[in-house]
Structures are given as structure tokens and as C-alpha cells.
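Have a look at the structure below before the remarks.
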Amino acid sequence: MQRIEINRSFPFPVEKLFDFLSDHENLELIFAPARIRRIKDGEDTPNGVGSVRRMRILLAPPFEETVTEVVPNERIAYRISKGSPLKNHQGVMSFSAQPDGGSRLHYVITFQGKLPLVGPLVKAGLQRGIERGLSRLRL
């Protein structure tokens, strides 16, 4: 099992960070050079539980992620639901307010590769990309 864990503080309120990262299309900044589009609205809100986004990364085939849990300003969980070289995938973004008015993101992604070496390769590239994308976040 591969595990990516990222902890990062931001100078903006937790509500602003949550609103930005809960919008599927905004995730292109975090997962660049991926192209991300919401293809199915959620049960209660467009980006809520049950919503599905399609991701395409460079020349790789597209895959889909489904949001499985949303707790406003606290948590977003999702899983890959179609078309990926990964299995047992889960992503969880946990949000918390900081005493200085800023916010903190604790982001954990776990998965396995369907083929040998896929998992470690994806982990290395994904972790670097997410960290770079989050460092560019300006709200």
C-alpha cells in the first residue's frame, strides 16, 4: 500500500480553502498538468457526495473519481471509481481552522498499483506534484 501524507498551513480562512478545494475544476492547480472536469453532480450540491470528476494526465487514459464524503469546512473523501492503474484508492482532505485565522490541510492518499512498480512511481510523481501545486495556491 502506498501512502502520501501532506500537511500544509495557509494564511486564509478554512472556509475559503475548503470552498476552493471542494470545486473539482480548481483541482487542476493542485494536480497540474491534469485536466479535470466534473461529469456528474453530487446528491445535494454540484461538488458534493456522489459527484464524479474525470481526470486526464498527459497521454494517460482518463480516469474518474467519486466523492464519498463531504463535511463542510472539515473533510472531503473520494475514491477512484473508474479507469485507473491503481486499486484500493482513497483520498481524504481534512481541514482545520488555525488560531491566527489561517487554515491547515491534512491530505492523505492511499492506493496500490495494479501492476508491480506502478504504485511507487505514481506515489513519487503525485506527491511532488501536489506539494508544488499547494505551494502555488493563492486565494
Side-chain angles (χ1 to χ4, degrees):
M1 184 69 80
Q2 302 297 314
R3 179 181 173 92
I4 296 170
E5 186 168 359
I6 297 171
N7 287 292
R8 184 169 293 259
S9 293
F10 297 92
F12 23 84
V14 70
E15 297 84 7
K16 199 168 185 180
L17 179 64
F18 180 89
D19 285 348
F20 185 84
L21 292 179
S22 65
D23 186 323
H24 294 308
E25 282 81 10
N26 289 341
L27 295 176
E28 285 188 355
L29 175 70
I30 308 304
F31 294 104
R35 294 291 169 235
I36 303 170
R37 295 291 172 257
R38 185 180 62 246
I39 59 170
K40 179 183 174 202
D41 286 351
E43 297 164 7
D44 297 326
T45 62
N47 295 300
V49 172
S51 63
V52 178
R53 60 182 166 247
R54 179 172 290 137
M55 299 180 73
R56 179 179 290 278
I57 301 173
L58 300 174
L59 300 175
F63 61 95
E64 295 176 7
E65 294 180 335
T66 300
V67 175
T68 58
E69 181 184 9
V70 175
V71 179
N73 303 321
E74 292 181 23
R75 180 179 166 95
I76 300 169
Y78 63 92
R79 64 179 177 78
I80 290 178
S81 50
K82 185 177 178 184
S84 170
L86 306 177
K87 61 183 180 178
N88 302 319
H89 173 279
Q90 173 152 359
V92 178
M93 294 180 179
S94 299
F95 302 83
S96 57
Q98 300 297 291
D100 65 358
S103 54
R104 184 151 189 84
L105 172 67
H106 180 224
Y107 191 5
V108 176
I109 302 171
T110 56
F111 60 88
Q112 294 174 295
K114 289 181 179 175
L115 299 171
L117 301 178
V118 168
L121 288 171
V122 169
K123 177 185 176 181
L126 188 56
Q127 182 152 2
R128 250 189 335 269
I130 292 171
E131 288 174 348
R132 186 178 26 218
L134 289 173
S135 70
R136 292 190 304 250
L137 192 57
R138 306 286 181 264
L139 302 181

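Values reported hereafter were calculated over all heavy atoms of this structure, with side chains retained and with hydrogens, waters and symmetry mates removed.
Side-chain contact between V49 and D44: absent, with no pair of heavy atoms (C-beta onward) separated by less than 4.5 Å. Counting only heavy atoms from C-beta outward, the side chains of I130 and L134 approach each other to under 4.5 Å. Looking at Y107 and I4, their side chains never come closer than 4.5 Å, going by heavy atoms from C-beta outward.
Here T66 contributes atom OG1 and I80 contributes atom CD1; the two are 10.0 Å apart, rounded to the nearest 0.5 Å. For the atom pair R35 CZ and M55 CE, the distance stands at 11.0 Å (nearest 0.5 Å). The distance from the NZ atom of K87 to the CE atom of M1 is 9.0 Å, given to the nearest 0.5 Å. Expressed to the nearest 0.5 Å, how far CG of L86 lies from CG of L115 amounts to 10.0 Å. Interatomic distance, CD1 of I57 versus CD1 of I36, reported as 7.5 Å (0.5 Å rounding).
The main-chain N or O of S135 is found under 3.5 Å from a side-chain atom of R138 such that the two form a donor-acceptor pair. Between the side chain of N88 and the main chain of Q112, no donor-acceptor pair closer than 3.5 Å is present. A donor-acceptor contact shorter than 3.5 Å links the side chain of E25 to the backbone of R38.
Across all non-hydrogen atoms, the minimal contact from I6 to E131 is CD1-CG, 3.8 Å. Nearest heavy-atom pair, L29 versus R136, reported as atom, atom and distance to 0.1 Å: O-NH2, 3.4 Å. For A77 against V92, the heavy-atom pair with the smallest separation is CB-CG2, 4.1 Å. Nearest heavy atom pair, residue E5 against residue Q127, reads O-NE2, 4.1 Å. Scanning both residues, N73 and E15, for their nearest heavy atoms gives OD1-CA, 3.3 Å. When all heavy atoms are compared, the tightest approach of F12 to L17 is CE1-CD1, 3.9 Å.
Within the structure, every pair that satisfies the side chain to side chain donor-acceptor pair (under 3.5 Å) test and touches residues 89-99, not counting sequence neighbours, is listed here: S96-Q98.
Between E64 and the options R53, K40, R54, a side chain to side chain donor-acceptor pair (under 3.5 Å) holds for only R54. Of the candidates S81, S22, S51, V67 forms a side-chain contact (heavy atoms from CB on, under 4.5 Å) with just one, namely S51.
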Please evaluate residues K123 and R3 with respect to the criterion side chain to side chain contact (heavy atoms under 4.5 Å, CB included), reporting the C-alpha separation (whole Å), side-chain torsions for both, the decisive distance (0.1 Å), and the verdict. CA-CA 7 Å; K123 177 185 176 181; R3 179 181 173 92; 5.5 Å; no
Starting from the C-alpha separation in whole Å, work towards a yes-or-no answer on side chain to side chain contact (heavy atoms under 4.5 Å, CB included) for F95 and L105. CA-CA 5 Å; F95 302 83; L105 172 67; 3.9 Å; yes
Y78 vs I109, test: side chain to side chain contact (heavy atoms under 4.5 Å, CB included). Steps then yes/no. CA-CA 9 Å; Y78 63 92; I109 302 171; 3.9 Å; yes
Pair L27-L21, side chain to side chain contact (heavy atoms under 4.5 Å, CB included): steps then yes or no: CA-CA 6 Å; L27 295 176; L21 292 179; 4.1 Å; yes
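Note: the hydrophobic cluster containing V122 also contains F31 (ILVMFWY, side chain heavy atoms under 4.5 Å, direct or indirect links). By the rule that hydrophobic residues join a cluster once side-chain heavy atoms approach within less than 4.5 Å of another member, I76 and L139 end up as members of one cluster.
Salt bridge status for E28 with R37: present, with a side-chain N to carboxylate O gap under 4.0 Å.
For F63, there are no ring pair (Phe, Tyr, Trp, His ring centres under 6.0 Å) partners, not counting sequence neighbours.
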